[in-house]
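Okay, structure first, notes after.
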Amino acid sequence: MNSGLEEDGYLSDESDAENEPIVDPSGFKRVSPVEPDLDRRRQTFPFVGSKAGLTDDVYTPTDPVDAYETFMTTEVVQFIADCTNKRVKVFLNTKRRRVVNGLVWKDVTVNDIYTYLALVKLMGLIKLPGISNYWEHGPLLGGSKVFCAKVMSRNRFMSIQKFLRFSDPGEVNKKNPRTRIEPFLDLLRERCQMVLHPGSEVTVDESLLLWKGLLKFKQCNRSKRARFGIKVYFNCPAAEKWQGYSWAFEIFYGKESNLAVPPDAAHLSKSEKAVVHMMLGLLGTWRQVYADNWFCSLALAEYLYTKHQTYMTGIVRQGRGRGPPKFLQDERLQKKSSSFVRKYHILMCKYEDRKTIYSITTKFEARVLKKDKRYFRGHTFWKLPLQIDHYNKSMGAVDLCDQLLQPYSSGRRSLAWFKKFGLHMIDRMVLNSYKLYKNTQGYTYKKTSMEFNIDVISQVLKKYNPGAKKIIEKHEKVLKVRSDNRLAVKLQREQDVPAPVADQAPPPAAASSPAAAQAGRVDPPPPVALPAPGDSSSDERTSDNGFHLLTNKPSTAKKSYPRVKCRECYIQNKRQDTRKICKACPDHPGLCSPACFQAYHARKYPAQRSPRPEATVMPRQKRRASPSSAPSRSLRSRVQPAPLTEPEISSSSTDN
């Protein structure tokens, strides 16, 4: 046989070339990945269906709020408002009052629910200890400007949160938890499946929503970050750009979970039935499904392939049901090596990594890929089975969704589990809208999930709340003015300073204005005249400008905003970088402030200092002696510079 065969990016496993076929009583036979023809398998059937993408019933959204309303439609929001109003009526009839949280109750509308959900999502981005803290606008603690009475008062927000419901109160059965949330989930599930075709590959996995309260179907999973909570099954597309999109979902209600499966699936376990249930509507098209070791098994792979024409790839547990054959489990392998066995259309692989991994597939052949990874000290190569490589790339679809939701989750502690779960599903709809908008806008859309959330919140508030619209538009105008000012200053700095008029002396140095002194700033330094040409005490090299001025250092090919050291601060053993330089000086020194500018030029060109104005002597003044104190001494004469008048300035300029 050929050793070291490399073809189309695949590398043969030479360690298995010498193994002879071994037949196990279970029907498995050892196969070698050296020769593809030795891996006898049934014919591969092509996928019959649409590739991952939008359906014909959905138009391309034009902005983030359109993508958001694709899932949170007016029908869905109106259903939430109706259920909330019905719950309030039951409460008011029982208590026989019309006041809730200090306010006379008014039925919520679609605009109120949209505003409430936008504020809840904004709370997920801005974390504060309590809900009431968002309406505090103190110097240290407080929320955004939209948390005010003009948008929605605190008591109104708390009233809506208190009576928020996701099902009709008249149809709720306390013994059946499905009646609390399932009507709302049916609406969302219908929208998610109507928008997108999942494609030829999907992923089925579980997620755990943190819940530590009393709940009879609460699950414990030590491998999850939450450990205790509500378990939910998710079906997500495995295509790279659609990973994280929730296409189908189902809550696990414990023993009361009656998952809808075909009659011929009665022999499967609960975890295996969960995969079949999540694949309803997708079976019979030779679609590929990925699942982890909690779902995947030999019996499930056989059932999906033979009964419903569906491929399956996943990881199986060693001691679960009809697991890997005995001779495959007893085989010893070196690290990063693999061994394959096949039974008709089922291929099982044992891969030795940090721990032993058993994978199963009904689609791929016995192939080994050549993998490499570069480190700062070298280059590492290893061999990885083809089916495990596809599993690693596709299995993270559900986990990616959890990673994107966790930092900006709007969930808070609550005594009602259905409220927390309902708001969690709305967060997932926002993530679905982000995937929808990003993939329909092409590669030009580079915003992150957080930036998309901010855009959705802003546009929803502007569309459904007049008070929030005024606040947001006012803030946007301020930001636009600031941006225009920055652009104007940048353009002005990039332009050259105009040359001075010939035979015109520079204006005299002026002190800081009273307004500038009161504001705590210093006016920019006045221009300093260049040394006269031919003066031996100065450098004859001059710039094109007529005066020494502080200007920005020009941009270069490598740096848009280059910086240099300040000469005066360096003399004083200080490190200060600045963009300001003096172009008129030969070496273009860096000078960080007007004080350093004056000090440098006074030291560089001592002969160019402007003469000090004449001083006037003030007459002595005597302080009035008070009868209770000793006679005061006479004050010394005060010397003050005499202000220059216009004739004196003109005469001094002509003399120079």
TODO: Show your working on side-chain contact (heavy atoms from CB on, under 4.5 Å) between Val120 and Arg412 and close with a plain yes or no.
DONE: CA-CA 10 Å; Val120 169; Arg412 285 183 174 271; over 6 Å; no

Open item on the list: Between Thr313 (side chain only) and Thr361 (backbone N and O only), is there a donor and an acceptor less than 3.5 Å apart?
Closed with: no

Task: Value rounded to 0.5 Å, distance of CG in Leu300 from OG in Ser269 - done: 8.0 Å

Task: Sidechain N-carboxylate O distance under 4.0 Å for Glu476, Lys462 - done: yes

TODO: Begin with the C-alpha distance, continue with both residues' side-chain angles, and end with the deciding distance and a verdict on side-chain contact (heavy atoms from CB on, under 4.5 Å) for Lys307 and Leu283.
DONE: CA-CA 9 Å; Lys307 300 293 185 181; Leu283 300 173; over 6 Å; no

Task: Parallel, tilted or perpendicular: rings of Trp242 and Tyr245 (30°, 60°) - done: perpendicular

- [ ] Drop me the distance from Ser246's OG to Asn432's CG, to the nearest 0.5 angstrom.
- [x] 5.0 Å

TODO: Look at the side chain of Ser433 and the backbone N and O of Val430, then say whether any donor-acceptor pair between them is shorter than 3.5 Å.
DONE: yes

- [ ] Report, as yes or no, whether the 6.0 Å neighbourhood of atom CG on Leu487 holds more than 12 heavy atoms from other residues, nucleotides or ligands.
- [x] yes

- [ ] Give a yes or no on whether the backbone of Ile126 and the side-chain of Tyr134 come within a donor-acceptor separation of less than 3.5 Å.
- [x] yes

Task: Over all atoms of both residues, closest heavy-atom pair of Gly467 and Val151 - done: C-CG2, 4.1 Å

Open item on the list: Under a 3.5 Å distance rule, please check whether Thr179 uses its side chain to pair with a backbone N or O of Val172 as donor and acceptor.
Closed with: no

Open item on the list: When you compare the side chains of Tyr303 and Asp264, does any donor N or O come within less than 3.5 Å of an acceptor on the partner?
Closed with: yes

- [ ] Tell me, with the steps shown, if Asp82 and Arg165 meet salt bridge (charged side-chain N to carboxylate O under 4.0 Å, His left out).
- [x] CA-CA 9 Å; Asp82 294 341; Arg165 292 296 184 274; over 6 Å; no

Task: Phe452 and Tyr445 aromatic ring geometry - parallel, tilted or perpendicular at 30°/60° bounds - done: perpendicular

Open item on the list: If we ignore hydrogens and angles and just use 3.5 Å, is the side chain of Ser153 paired with the main-chain N or O of Ala149 as donor and acceptor?
Closed with: no

Task: Heavy-atom side-chain contact between Asp427 and Tyr408 under 4.5 Å - done: no

Task: Of Arg178, Lys216, Glu182, the residue whose pairing with Tyr253 passes side chain to side chain donor-acceptor pair (under 3.5 Å) - done: Glu182

- [ ] Answer yes when Asp389 and Lys393 have at least one side-chain N-carboxylate O distance shorter than 4.0 Å, and no when they do not.
- [x] yes

Open item on the list: Could you check whether any side-chain N or O of Asn465 sits under 3.5 Å from a backbone N or O of Asn111, counting only pairs where one atom can act as donor and the other as acceptor?
Closed with: no

TODO: Could you please spell out the steps behind the side-chain contact (heavy atoms from CB on, under 4.5 Å) verdict for Ile457 and Tyr68?
DONE: CA-CA 10 Å; Ile457 294 170; Tyr68 175 72; over 6 Å; no

Task: Check: Leu196 main-chain N/O paired with Trp247 side-chain donor or acceptor under 3.5 Å - done: yes

TODO: Indicate the atoms forming the closest heavy-atom contact of Leu128 with Gly142, along with that distance.
DONE: CD1-O, 3.7 Å

TODO: Could you tell me whether Lys218 atom NZ has more than 12 heavy atoms of other residues or ligands within 6.0 Å of it?
DONE: yes

- [ ] Please report the shortest heavy-atom distance between Met312 and Leu304, naming the atom on each side.
- [x] SD-CD1, 3.8 Å

Open item on the list: Less than 4.0 angstrom from a charged side-chain N to a carboxylate O is my criterion; do Lys463 and Glu69 meet it?
Closed with: yes

Task: Lys/Arg N to Asp/Glu carboxylate O, Asp112 vs Lys106, below 4.0 Å - done: no

Open item on the list: Tell me every residue that passes ring-ring contact (aromatic ring centres under 6.0 Å, His included) with Phe166, counting only those two or more places apart in sequence or in another chain.
Closed with: Phe184

Open item on the list: Tell me whether the count of non-hydrogen atoms from other residues, nucleotides or ligands lying under 6.0 Å of CZ in Arg227 goes above 12.
Closed with: no

TODO: Taking all heavy atoms of Ala238 and all of Ser394, pick out the closest pair and write down the distance.
DONE: CB-CB, 3.8 Å

Task: All pairs passing salt bridge (Lys or Arg N to Asp or Glu O under 4.0 Å) where residues 51-65 contributes a residue, at least two apart - done: none

TODO: For the pair Ser271 (side chain) and Phe295 (backbone), establish whether a donor and an acceptor sit closer than 3.5 Å, ignoring hydrogens and angles.
DONE: no

TODO: Please check if atom CD in Glu136 has more than 12 non-hydrogen atoms from other residues, nucleotides or ligands closer than 6.0 Å.
DONE: yes

Task: Any donor-acceptor pair under 3.5 Å from Lys231 side chain to Phe217 backbone - done: no

TODO: Please round to the nearest 0.5 Å and tell me the distance separating atom CG of Leu268 and atom OG of Ser297.
DONE: 7.0 Å

Task: Heavy atoms of other groups near His137 NE2, more than 12 under 6.0 Å - done: yes

Task: Gln243 to Leu400 - nearest heavy-atom pair and separation - done: O-CD2, 3.4 Å

TODO: Could you check if a side-chain atom of Val481 sits within less than 4.5 angstrom of a side-chain atom of Lys477, using non-hydrogen atoms only?
DONE: no

TODO: Check step by step if ring-ring contact (aromatic ring centres under 6.0 Å, His included) holds for Phe91 and Trp105.
DONE: CA-CA 11 Å; Phe91 175 82; Trp105 175 259; 9.5 Å; no

- [ ] Show your working on ring-ring contact (aromatic ring centres under 6.0 Å, His included) between Phe47 and Trp286 and close with a plain yes or no.
- [x] CA-CA 5 Å; Phe47 169 66; Trp286 295 111; over 10 Å; no

- [ ] Assess Arg428 against Phe234: is NZ or CZ under 6.0 Å from the centre of the six-membered ring, and within 45 degrees of the ring's axis?
- [x] yes

- [ ] Count the heavy atoms of every other residue, nucleotide or ligand shown that sit under 6.0 Å from CG of Leu479, and state whether that count exceeds 12.
- [x] yes

Task: Leu54 side chain near Leu436 side chain, heavy-atom distance below 4.5 Å - done: yes

Open item on the list: Within the supplied structure, the quantity of interest is the number of heavy atoms (other residues, nucleotides, ligands) at a distance under 6.0 Å from Lys127 NZ; does it exceed 12?
Closed with: yes

TODO: Answer yes or no: does atom NZ of Lys273 have more than 12 heavy-atom neighbours from other residues, nucleotides or ligands under 6.0 Å?
DONE: yes

Task: Reported CZ-to-NZ distance for the pair Phe45 and Lys363, which is rounded to 0.5 angstrom - done: 13.0 Å

Open item on the list: Please verify the inter-ring angle class for Tyr311 with Tyr305; under 30° counts as parallel, over 60° as perpendicular, anything in between as tilted.
Closed with: tilted

Open item on the list: Between Arg191 (side chain only) and Met72 (backbone N and O only), is there a donor and an acceptor less than 3.5 Å apart?
Closed with: no

Open item on the list: To check you understand the geometry: which heavy-atom pair defines the closest contact between Ala239 and Ala52, and what is its length?
Closed with: CB-CB, 4.0 Å

TODO: If the plane angle is over 60° it's perpendicular, under 30° parallel, otherwise tilted; pick one for Phe157 and Tyr116.
DONE: tilted

Task: Leu461 CG to Lys469 NZ distance, which is reported to the nearest 0.5 Å - done: 12.5 Å

Open item on the list: Is there a side-chain contact (heavy atoms from CB on, under 4.5 Å) between Met429 and Cys192? Walk through the geometry before answering.
Closed with: CA-CA 8 Å; Met429 296 304 104; Cys192 294; 3.6 Å; yes

TODO: Report the distance from atom NE2 of His424 to atom CH2 of Trp211, rounding to the nearest 0.5 Å.
DONE: 13.5 Å

Task: Pair Arg189 + Glu250: basic N to acidic O under 4.0 Å - done: yes

